[in-house]
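The structure appears below as structure tokens.
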Amino acid sequence: MRALPVRIDAVLVQALIAAALSFAHLHDLALAAGQDGWKAWAYPISVDLLLVAAWRRLRSGGAKAAGWCWFLIALTASLGANVATAGLLDLGDVPDWLRILVAGWPAVAFLGGTLLAHGATADARTGEHKAAPAPDVAEEPIPVAELPAAESTSAPTSTPPVPPALVNLARKIADEHRARTGTPIDTSTLRARLGVPLPLAEAISTHLT
């Protein structure tokens with residue numbers, strides 16, 4: 001029977017051990033402060049979830065001040081429980097101020113988690129509404145920059161000579177206009193798209209038929 005390959009990440013294992021120890025310290029502190037039963041287990045969960053929500057806000061790149069604020073609050077609660085249960089506090093005789101802090105923590109965690117979650121959603125939607133639509137490139141006139149200076153001057157009343165490059169460009173514009181509208185391009189539209197004088201546009205039109 002072939003064994004499945006298992007890759008153990010040392011950093012992940014260390015993080016799991018640290019999280020388990022912090023979870024146990026928060027549970028013990030809540031239990032000592034009079035929060036027995038399932039409530040003692042809910043306290044460490046609320047602290048860890050607030051840490052995760054604050055970290056996600058910091059990674060998202062928006063409203064970092066709020067993310068750092070709630071991250072430090074949750075980190076202080078976790079570190080405080082670790083220090084308090086390290087023998088510096090008599091868990092059999094917890095002071096009243098600590099009982100007040102433990103009793104008020106659920107409201108603080110709920111407020112922080114709600115602001116972090118809904119604040120990130122509002123920022124993302126605002127960024128979507130501010131996105132500008134893409135311009136319609138097909139409707140913009142195409143300047144003729146390739147024409148020599150001698151050919152851009154005013155043409156005589158007779159049919160002016162048309163450069164082959166300009167005829168090819170006009171043919172592409174005419175094909176695009178027919179594909180988009182289903183009708184042949186007229187001289188006025190061709191003149192506006194090319195930016196050339198009317199006699200030259202009429203001369204180009206004769207090469208398109």
Side-chain angles (χ1 to χ4, degrees), residues 1-140:
M1 183 177 181
R2 188 175 64 178
L4 295 177
V6 177
R7 181 180 178 182
I8 300 177
D9 191 345
V11 177
L12 180 59
V13 173
Q14 182 182 11
L16 291 176
I17 294 175
L21 291 174
S22 178
F23 190 95
H25 292 159
L26 286 166
H27 169 269
D28 294 344
L29 183 63
L31 185 63
Q35 307 296 326
D36 55 352
W38 66 269
K39 294 180 289 185
W41 295 103
Y43 272 86
I45 295 176
S46 67
V47 174
D48 292 342
L49 288 180
L50 186 59
L51 278 171
V52 172
W55 178 248
R56 285 175 60 89
R57 171 61 69 88
L58 294 176
R59 292 291 301 272
S60 66
K64 287 190 175 182
W68 277 115
C69 177
W70 290 107
F71 182 82
L72 292 177
I73 291 176
L75 185 62
T76 302
S78 179
L79 290 177
N82 296 337
V83 174
T85 55
L88 300 180
L89 180 68
D90 184 7
L91 297 181
D93 187 15
V94 177
D96 293 339
W97 62 266
L98 184 57
R99 294 178 182 271
I100 295 174
L101 289 179
V102 172
W105 171 254
V108 175
F110 175 78
L111 176 62
T114 302
L115 292 177
L116 290 173
H118 290 278
T121 303
D123 294 341
R125 291 178 179 175
T126 303
E128 293 176 358
H129 291 321
K130 290 182 179 179
D136 189 1
V137 181
E139 296 299 331
E140 294 181 355

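Quick caveat: nothing in here was measured; it's all calculated off a predicted structure.
- Shortest non-hydrogen contact noted between Leu116 and Gly67 is CD2-CA, 4.2 Å.
- Atom CG in Asp96 sits 11.0 Å away from atom CG in Leu101 (nearest 0.5 Å).
- The distance from the CH2 atom of Trp70 to the CG atom of Leu75 is 14.5 Å, given to the nearest 0.5 Å.
- Atoms CG and CZ, on Leu115 and Phe110 in that order, are 9.5 Å from each other to the nearest 0.5 Å.
- With rounding to the nearest 0.5 Å, the separation of CZ in Phe71 from CG in Leu50 is 10.0 Å.
- Among residues at least two apart or in separate chains, side chain to side chain donor-acceptor pair (under 3.5 Å) pairs with a member in residues 29-50 are Ser46-Trp105.
- Residue Arg99 places its CZ atom among more than 12 non-hydrogen atoms of other residues, nucleotides or ligands, all under 6.0 Å distant.
- Going from atom CG of Leu26 over to atom CG of Leu31 covers 12.5 Å, rounded to the nearest 0.5 Å.
- Annotation for Arg57 and Ala66: closest pair NH1-CB, 4.2 Å, computed over non-hydrogen atoms.
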